[in-house]
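Letters A, B, ... are given to chains in the order of the sequence lines, protein chains preceding strands, and every chain is numbered from 1. Just the heavy atoms: all of them, side chains too, but no hydrogens, waters or symmetry mates, feed the values below. Since the model is a prediction, treat every value here as computed from it, not as a measurement.
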Protein chains: 2
Amino acid sequence: MARSLRRISESTIHRLSIYYRALNQLERENYETISSKELAKREKLTPAQVRKDLSFFGSFGTRGLGYPVGELRNKIAEILGINRTWNVALVGVGNIGSALVSYKEFQKQGFKIKKIFDNDQRKIGSNHKGIVVSDIKKLFEELKDGEIEIVVVAVPATVAQIIVDDIVRAGIKAILNFAPMNLKVPDDVEVRNENMAMELEYLSFSLSNDSLRP
Amino acid sequence: MARSLRRISESTIHRLSIYYRALNQLERENYETISSKELAKREKLTPAQVRKDLSFFGSFGTRGLGYPVGELRNKIAEILGINRTWNVALVGVGNIGSALVSYKEFQKQGFKIKKIFDNDQRKIGSNHKGIVVSDIKKLFEELKDGEIEIVVVAVPATVAQIIVDDIVRAGIKAILNFAPMNLKVPDDVEVRNENMAMELEYLSFSLSNDSLRP
DNA sequence: AACCTGTTGTGAAAGGTTTCACAACCAGAC
DNA sequence: GTCTGGTTGTGAAACCTTTCACAACAGGTT
Ligand SMILES: NC(=O)c1ccc[n+]([C@@H]2O[C@H](COP(=O)([O-])OP(=O)(O)OC[C@H]3O[C@@H](n4cnc5c(N)ncnc54)[C@H](O)[C@@H]3O)[C@@H](O)[C@H]2O)c1
Ligand SMILES: NC(=O)c1ccc[n+]([C@@H]2O[C@H](COP(=O)([O-])OP(=O)(O)OC[C@H]3O[C@@H](n4cnc5c(N)ncnc54)[C@H](O)[C@@H]3O)[C@@H](O)[C@H]2O)c1
């Protein structure tokens, strides 16, 4: 499979996630194959977009027939790297952090929360879904052996940067951040922000400027 | 202020949110003015981008000096429509829903949770931060008077579409959705998805395909 | 008042993404 | 074996976003 070396756009990667979910659903509905046309319709995209996205990674379809649902699903899982488990650590087990720990879907999908850190004495040592909360002071020590690959940051914005500096120093290359701020990290570290205020502000803009919506 | 009627891109709107937060921080640091150069540096953007984004809405700067921090902040708040309060309803007060209700920043910023709905008998009638949880059966009835402008959906994916159909029928035009699925709504309803699985999958892709990152 | 430094606002160029459009192909029918 | 309807994979075109580059200007200095 000779692949293009072109960089893949953020939108394409996001759409792969969308296809992945759609294909899982189609499998549940016992579809054997799906055309780009129908897949696009279900997810409010265009058929050309579906085909182009997939074509960056190979040719998985059959002309005249469409794509084999199960196979394409697996292929996308492979591309996204979710055909395996990832060891995740969580820093800050407050409102959001607790919600994440209780959420079974992530575990099911292979994102396994293995370690939890907090600085609250009442929380340190306590048990969350079988994981004992460690003292934040041990963060660097516990991350530097490379077992953990992804860290979720769910602490107040005021301390997020200090904690992230430690995370980066420990060699972590992927961070999911809930603090509403722009974390400073080296170029080889990928940070994704889950910024709910920003989405609410988007809705606010949308309601306020109906005519300017993209 | 003769404004271009061109549609504003999603990225520009998101960056306005970023500028807004940055300007708040600059205000705290007692800056009077800020140049596009410095603002860009702080947020890892380019000066040209900052200037172009703002230029869609007017000219707020002074050549040679930069932008007045406070004034620009207010102007952006006005553009985003966050110089006022918005009445929000929450559907589903489980793990995520509870976290949102306890989160004071949204209230502070003007997003006021006014009504909460659930279908769990143990939750209906109970009090969350001063708001009594209503029966989901009353959803349509309670939304249709127009008091509520934004609805946050934090119920399991299996029931999200049914609930959203009701929300749409009641005339709501803005929805923030936490269920990991593509909600079907008419074109005049804006839905923003807060899909954490997708962000984790992005990180997974990123770790798996270092060379293909955008 | 002329000059210098710094910065905006913005057309134009460059770069990136999406859509178009069609040759190439597959599977089933006849 | 050939035809037909349907669908992929992909260059090229259209469209959109970002970056460049500079005239226009503000404010301070000499
Ligand atoms: N709750 C929400 O709905 C919501 C929404 C949007 C964004 N956020 C953001 O998510 C983050 C977490 O929010 P939350 O509501 O869960 O807050 P929270 O206060 O409930 O939880 C924060 C947790 O971090 C811990 N913590 C504080 N300082 C620490 C440190 N130095 N080291 C280790 N742990 C520390 C606290 O003990 C607590 O358990 C915040 O940045 C918040 O702005 C939350
Ligand atoms: N918890 C997380 O960390 C997390 C992460 C990503 C996505 N999500 C998504 O967010 C949504 C909520 O997740 P959660 O963990 O809070 O789930 P949860 O089960 O804790 O909460 C769901 C709430 O919705 C209520 N509910 C169920 N059916 C209802 C109905 N028909 N009408 C009204 N209310 C109803 C339940 O009573 C419950 O209070 C889900 O779609 C989930 O996939 C959650």
Reckon B/T12 touches a base, only the sugar-phosphate, or nothing at all at heavy-atom distances under 4.0 Å?
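Touches nothing.
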From the set C/dT17, D/dG11, D/dG9, return the single nucleotide nearest to any side-chain atom of A/K52.
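Minimum distance to the A/K52 side chain belongs to D/dG11.
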Rounding to an integer number of Å, can you tell me how far [X] [atom1] sits from [N] [atom2]?
{"X": "A/F56", "N": "C/dT17", "atom1": "CZ", "atom2": "C1'", "answer": "8 Å"}
{"X": "B/D53", "N": "C/dT10", "atom1": "CG", "atom2": "C1'", "answer": "13 Å"}
{"X": "A/H14", "N": "C/dT18", "atom1": "NE2", "atom2": "P", "answer": "13 Å"}
{"X": "B/I34", "N": "C/dT7", "atom1": "CD1", "atom2": "P", "answer": "10 Å"}
{"X": "A/F57", "N": "D/dT8", "atom1": "CZ", "atom2": "C1'", "answer": "17 Å"}
{"X": "A/K75", "N": "D/dG9", "atom1": "NZ", "atom2": "P", "answer": "13 Å"}
{"X": "B/R15", "N": "D/dT17", "atom1": "CZ", "atom2": "P", "answer": "10 Å"}
{"X": "A/F60", "N": "D/dT10", "atom1": "CZ", "atom2": "C1'", "answer": "15 Å"}

Interface polar pairs with nucleotides 26-30 of chain C, N/O, under 3.5 angstrom:
{"unit_1": "C/dC26", "atom_1": "O4'", "unit_2": "A/R63", "atom_2": "O", "d": "3.1"}

Looking only at side-chain N and O atoms, does B/Y67 come under 4.0 Å of OP1 or OP2 in C/dG9?
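Affirmative; the distance criterion is met.
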Would you say A/S9 reaches C/dG16's phosphate, i.e. side-chain N/O to OP1/OP2 under 4.0 Å?
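A/S9 to C/dG16 OP1/OP2: no side-chain N or O under 4.0 Å.
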Hey, can you pull the residues of residues 39-51 of chain B with a non-hydrogen atom under 4.0 angstrom from DNA chain D?
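The answer is B/T46, B/A48, B/Q49, B/R51.
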Could you pull out all residues at least two apart from B/E194 that satisfy side-chain contact (heavy atoms from CB on, under 4.5 Å)?
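Here the qualifying residues are A/E194, A/M196, A/E199, B/L176, B/F178.
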For A/D166, what residues pass the side-chain contact (heavy atoms from CB on, under 4.5 Å) criterion, not counting sequence neighbours?
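A/D166 satisfies side-chain contact (heavy atoms from CB on, under 4.5 Å) with A/L139, A/F140, A/R169 once adjacent residues are dropped.
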For the pair [X] (side chain) and [Y] (backbone), establish whether a donor and an acceptor sit closer than 3.5 Å, ignoring hydrogens and angles.
{"X": "A/S35", "Y": "A/G66", "answer": "no"}
{"X": "A/N193", "Y": "A/N195", "answer": "no"}
{"X": "B/K115", "Y": "B/E142", "answer": "yes"}

In terms of ring plane angle, is the pair B/F57 and A/F205 parallel, tilted or perpendicular, where the classes change at 30° and 60°?
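B/F57 vs A/F205 ring planes: perpendicular.
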What orientation do B/H14 and A/Y202 show, parallel under 30°, tilted 30 to 60°, or perpendicular over 60°?
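It falls in the tilted class, 30° to 60°.
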Over its full length, what angle do the end axes of the helix from C/dA1-D/dT30 to C/dC30-D/dG1 make, each axis taken from five pairs and the result rounded to 10 degrees?
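So the angle between the two local helix axes works out to 10°.
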Counting only heavy atoms not in [X] (residues, nucleotides, ligands), do more than 12 fall under 6.0 Å from its [atom1]?
{"X": "B/K138", "atom1": "NZ", "answer": "no"}
{"X": "B/K112", "atom1": "NZ", "answer": "yes"}
{"X": "B/K41", "atom1": "NZ", "answer": "no"}

Under the side-chain hydrogen bond (donor to acceptor under 3.5 Å, both in side chains) rule, what pairs show up with a residue in residues 88-107 of chain B, not counting sequence neighbours?
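Residue pairs passing side-chain hydrogen bond (donor to acceptor under 3.5 Å, both in side chains), neighbours aside: B/E105-B/K108.
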Decide yes or no on side chain to side chain donor-acceptor pair (under 3.5 Å) for B/R73 and B/N24, but give the supporting numbers first.
CA-CA 7 Å; B/R73 190 205 86 99; B/N24 273 325; 2.8 Å; yes
